[in-house]
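Just so it is clear: chains get the letters A, B, ... in the order the sequence lines come, proteins before strands, and each one is counted from 1.
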Amino acid sequence: MRHTLSVHVENKSGVLMRITSLFVRRGFNIESLAVGPTERPDVSRVTMRIDCSQHSLEQIEKQMHKLVNVLRVSELGPGEAIERELLLVKVTAPPDRRAELMSLGDVFHARVIDLGPDALIFEVVGTPEELESFEELVRPHGIKELVRTGRIGLGRASAKPDAGRRLALIR
Amino acid sequence: MKMLGADAILRSLEAEGVDIVFGIPGGAILPTYDAFARGTTVRHVLARHEQGAGHMAQGYARASGRVGVALATSGPGATNLVTPIADAWMDSTPLVCLTGQVRSSLIGTDAFQECDITGITIPIVKHSWLVQDVDEIAAVMKAAFHIARTGRCGPVLVDIPRDVQEAELDFSYPDEVDLPGWRPPRRGHPRQIREAARWVAEAERPVLYVGGGTINADACGELKDLAESGRLPVITTLMGKGAFPETHELFAGWPGMHGPKWSNWAMNKADLLVACGARFDDRVTGKLAGFAPGASVVHLDIDAAEIGKLRNADVPVVGPLKQVLRDLGSELRRLHEGDTARRYDGWVDQIFEWRDEFPLRYSTDGELVKPQAVMESLQAATADRDNVIWTTGVGQHQMWAMQYLLCDEPRRFVTSGGLGTMGYGVPAAVGAKAAQPDATVVCVDGDGCFQMTGSELATSVMEDLPIIVAIINNGYLGMVHQWQNLFYDDRLSQVHLTHAVPDYAKLAEAYGALGIMVDERSQVDDAIDQALNAGRTTVIDFRVDPREQCYPMIPAGAAALELIEFEEGAETEGVRAL
Ligand SMILES: Cc1ncc(C[n+]2csc(CCOP(=O)(O)OP(=O)(O)O)c2C)c(N)n1
Ligand SMILES: [Mg+2]
């Protein structure tokens, strides 16, 4: 089963390696990983997408909690959180196909951020599922290169202040 | 106060109350060794191998309950510490390792003796630091000791580049740590503890299943109160050995692969296991599905990650065991009031009937010295001594030591449980002796294990830390021999060491120790006597029956009731070790 974890960490060197080693050791692949600053300069947020069983996930969450630089671990449950991702894709676009491609882009609010003689680059922001649909639609035109940031997420504003399932730590 | 980084390291150790460290110098840690030369209250014990230094620090920690400290240089010095770090990780031993690192400007350039030791050890430390600024030293040292001993104990590593040791700083040791992400549980939840007590009170066949966490938590007194007030039988794991007095009327032995049949039966037939700082290790449980199949579980642990890791807990309590066991004891006394506190007596009697029915047994056929008999003699010769600390290597001798040597107090049995590190015994004994100078420290070692770290005899002799090493010399990597014998049709493959090479008694003499060779039954007691009274480092080479196997044995992956028992010899000694 797939899970999205959001981990608040102290902004110190080596944190990412300590976290990822918990997954690597158990042979779990991290499907996406995004790290970036937060509202606090000394705190970063790591968002990761993993495919593992519920039992393994709980184990790893608890192990993560014991890492000295980890401040908080929560799962962004579907429905309780907003998730977004950014995609850049360079698509083959000879002059006669451009118009078609651009109207395709419009549907997804994709922006053309670079244009060359026979290719263009789209920038799309959306849910990971939307990005996948977009990718499928432009694929027949010829994708030269594609990169995604990996998802990031926040608990919904309408939810309790600390949305997302806080780790059920038995204290 | 203005000083160099190297001095700040020593002032930090002093501020932590460290009296002794174990290590070996080298290029990248030279400035710190110079600080030793310039003066400190910290005693430095010079080991002969960094693995030895690390195990000494572990032996020190286990025998004293304080944090052990090991020092090494960069590169090979640091990598030689990896085994003790992994061992301390598995057995939750509080350990601070200080390693020198190449100069900051050379890091990442494959400089001479550069090695990414913080990277290598990430999976086996609670935390580690590469100190990049001399001003961080005090805070890092403070945090290192704090983390090593709080929560679930374990190893930490501080890697300090040479230029940082040489730089100047204004030193003051902090009173507080600043670790927002480090919040070990402070109290077990009262509601959970009440619930746990209710489950115990309602059980009919409860067993306290006690691991090393109880010793680390300094909670053995509370455990005893709990057991006595509830009249609950107690089983201790290899790491928990000594957490409960082994001559106590409620002591019910050791579980697992080489635990006595009756102890395993008790676990297996229990309807409630109260796991106290124990982690359902596979050497204890065998096949998980077959382990105590009818038992509910109350799991008490400082580490939330142990709850439900291998066995579901019906009642988890996460907190320091000292408080948890104390509160559980008083809650249970409250519940038992009016009721009779002797309600489990039938169950306890049943366990001890099994004990009488299934004692440990071995054959006394033939002429050869039997390893179990050596254990019995060691136990008899030391029974009236106050302060005896046993250390062991890993193998058959370790399991016989568990079965035959009785510990009535915690921190008297120092062994490598989780990692099973051959070579642990001799250096751990040196460290234990450093922690408890008045203790009689005996390392029960295998001939294979001894050859891994026996060079630390030099440390024992030169540093005036006298120990006794009882080598159970079966001429084999015995435990591997046993598996090949039982599970590979006796096809022996690369397990023969020979009794005579090296000649351990001569080797001992070469190290300036006393060496005694024993190859007849009649010599066993005299040799032990001589060693106990020698007042100096002594090695006894017990040349024992090479084909003796350790029973009972639950094969790996089997359930407790599928144990392999000893086959009757013509003359059999039935030992009710307890
Ligand atoms: C460092 C290390 N290498 C290998 C092993 C695997 N191993 C476990 S027990 C054992 C044999 C130990 O031989 P010895 O010290 O003579 O003890 P005995 O079993 O004969 O009592 C071996 C090789 C280990 N536990 N540790
Ligand atoms: Mg041997």
Look at His55(A), Arg25(A), Gln63(A) and state which one has the largest set of heavy-atom pairs under 4.5 Å with chain B. His55(A)

When the 4.5 angstrom heavy-atom criterion is applied to His8(A) and chain B, the contacting part is neither

With only heavy atoms counted, which part of Val70(A) is less than 4.5 Å from chain B, the side chain, the backbone, both or neither? backbone

Looking at every non-hydrogen atom in both residues, tell me the closest pair between Lys66(A) and Asp303(B) and how far apart they are. NZ-OD2, 2.5 Å

Heavy-atom pair of closest approach, residues Arg18(A) and Val125(B): NH1-CG2, 4.4 Å

For [X], I'd like to know if atom [atom1] has over 12 heavy atoms of other residues, nucleotides or ligands within 6.0 Å.
X         : atom1 : value
Arg111(A) : CZ    : no
Glu136(A) : CD    : yes
Glu129(A) : CD    : yes
Asp110(B) : CG    : no

First locate atom [atom1] of [X], then atom [atom2] of [Y], and finally report the distance between them rounded to the nearest 0.5 Å.
X         : Y        : atom1 : atom2 : value
Ile122(B) : Leu67(A) : CD1   : CG    : 9.5 Å
Leu179(B) : Glu10(A) : CG    : CD    : 7.5 Å
Arg183(B) : His65(A) : CZ    : NE2   : 7.5 Å
His127(B) : Lys12(A) : NE2   : NZ    : 7.0 Å

Can you say whether Thr118(B) sits under 4.5 Å from chain A via the side chain, the backbone, both, or neither, judging by heavy atoms? neither

Counting only non-hydrogen atoms closer than 4.5 Å, can you tell me which residues of residues 83-98 of chain A sit against chain B? none

